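Down below is the structure, laid out as structure tokens.
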Amino acid sequence: MWGGLVQRKVEKEWTIPEGIQLGPVDDGALIAFWVDRGGQLIGEPEVVKQAVDPAVATSAIRAIKSAVPYPALPDSFGDAQVQVYYTFIPVR
């Protein structure tokens, strides 16, 4: 549930860069980022896996930052923060 809310916020902010080089169908950038209990970004998002074109990761990080604040973590979630992994795949 919480993850779906985060996904929708990020998707609203992400635009596929113009003129990027596309790799295989499943080519994408995997980005990791941390969110605190209140929905704020902790530190800088990190590129875990680069896409064929580095512009994909650059635009993905911009979207992650633009989507802040995220929904607060549910009370049932025991930790003070959570790491999110998000794959950005440009569609053809």
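Keep in mind that what you see is a predicted model, and the values were worked out from it rather than measured. Just so you know, residue 1 is the first one in the sequence shown, and it goes up from there.
- Hydrophobic clustering (ILVMFWY, side-chain heavy atoms < 4.5 Å, transitive): Ile16 and Leu22 are in one cluster.
- The OG1 atom of Thr58 sits 11.0 Å away from atom CD1 of Ile20, with the distance rounded to the nearest 0.5 Å.
- Shown here for Trp14 and Ala60, the closest heavy-atom pair between the two residues is NE1-N, 3.7 Å.
- Evaluation of the salt bridge (charged side-chain N to carboxylate O under 4.0 Å, His left out) rule for Glu44 yields Lys65 as partners, not counting sequence neighbours.
- When atom types are taken as modelled, the side chain of Lys49 and the backbone of Leu30 share no donor-acceptor pair closer than 3.5 angstrom.
- Remark: side-chain polar atoms of Trp2 are not paired, donor with acceptor, to backbone N or O of Pro74 under 3.5 angstrom.
- Rounding to the nearest 0.5 Å places OH of Tyr70 at 6.0 Å from CG of Leu41.
- A 6.0 Å sphere centred on OH of Tyr85 holds no more than 12 heavy atoms belonging to other residues, nucleotides or ligands.
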Tyr86 vs Glu11, side chain to side chain contact (heavy atoms under 4.5 Å, CB included): CA-CA, chis, key distance, verdict: CA-CA 11 Å; Tyr86 198 113; Glu11 284 175 355; 3.2 Å; yes

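- Trp34 and Ile31 are assigned to two separate hydrophobic clusters, defined by single-linkage of ILVMFWY side chains at heavy-atom distances under 4.5 Å.
- For Arg37 (side chain) and Asp79 (main-chain N/O), a donor-acceptor pair under 3.5 Å exists by modelled atom type.
- Both Leu73 and Val10 are assigned to one and the same hydrophobic cluster, defined by single-linkage of ILVMFWY side chains at heavy-atom distances under 4.5 Å.
- Shown here for Ala51 and Ala29, the closest heavy-atom pair between the two residues is CB-N, 3.8 Å.
- Residues Ile61 and Val47 are in side-chain contact: their nearest non-hydrogen atoms beyond the backbone lie under 4.5 Å apart.
- In this structure, Glu13 CD and Ile64 CD1 are separated by 11.5 Å, a value rounded to the nearest 0.5 Å.
- Counting only distance, with no hydrogens or angles, the side chain of Asp27 and the backbone of Val52 share a donor-acceptor pair below 3.5 Å.
- Lys12 is not listed as a side-chain neighbour of Ser66, based on a closest heavy-atom distance of 4.5 Å or more.
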Stepwise side chain to side chain contact (heavy atoms under 4.5 Å, CB included) test for Val68 and Phe33: CA-CA 12 Å; Val68 174; Phe33 59 100; over 6 Å; no

